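Given the structure is predicted, the values throughout are model-derived calculations rather than measurements.
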Amino acid sequence: MRAIRSTVRELGQLLRRDDGAATAEYAITIMAAVGFAGLLVAILRSGEVQGILTDLVHRALTVAG
């Protein structure tokens with residue numbers, strides 16, 4: 001019975017270890033950021049969005065006279 005308790009205790013200790021958890025969290029965060037950046041680039045490359053941004057900048061730099 002002691003051997004079973006000892007084995008269960010050791011197994012519980014192994015399951016509670018979180019070595020590498022922070023690294024995995026960083027990797028997931030970086031992958032999400034890269035995915036978002038890719039989506040943003042795809043949106044900004046579309047002709048319609050470029051036209052809107054160009055018009056916005058042109059209107060902001062034009063001096064009303």
Side-chain angles (χ1 to χ4, degrees):
M1 193 65 159
R2 283 185 180 159
I4 293 173
R5 286 183 187 163
S6 175
T7 303
V8 169
R9 187 177 305 121
E10 288 176 15
L11 181 60
Q13 289 173 351
L14 284 174
L15 292 175
R16 279 187 242 125
R17 292 181 65 188
D18 61 353
D19 295 345
T23 303
E25 291 167 2
Y26 284 127
I28 291 170
T29 303
I30 290 171
M31 287 173 34
V34 168
F36 182 71
L39 180 64
L40 190 58
V41 166
I43 291 170
L44 291 176
R45 282 193 171 181
S46 71
E48 185 176 334
V49 174
Q50 284 182 352
I52 292 169
L53 291 175
T54 302
D55 185 50
L56 179 69
V57 171
H58 185 265
R59 281 189 287 142
L61 296 177
T62 301
V63 179

Quiz item: Is Val49 linked to Leu40 within one hydrophobic cluster, defined over Ile, Leu, Val, Met, Phe, Trp and Tyr using a side-chain heavy-atom separation of less than 4.5 Å?
Solution: yes

Quiz item: Out of curiosity, Ile28 CD1 to Thr23 OG1, how far, rounded to the nearest 0.5 Å?
Solution: 11.0 Å

Quiz item: If you round to the nearest 0.5 Å, how far is OG1 of Thr7 from CZ of Arg9?
Solution: 9.5 Å

Quiz prompt | Other ILVMFWY residues reachable from Met31 by side-chain steps of under 4.5 Å | solution = none

Using a 3.5 Å cut-off and no angle test, enumerate the donor-acceptor pairs between side-chain atoms of residues 52-59 and protein atoms at least two apart in sequence or in another chain.
{"from": "Thr54", "atom 1": "OG1", "to": "Gln50", "atom 2": "O", "distance (Å)": "2.8"}
{"from": "Asp55", "atom 1": "OD2", "to": "Arg59", "atom 2": "NE", "distance (Å)": "3.2"}
{"from": "Asp55", "atom 1": "OD2", "to": "Arg59", "atom 2": "NH2", "distance (Å)": "3.4"}

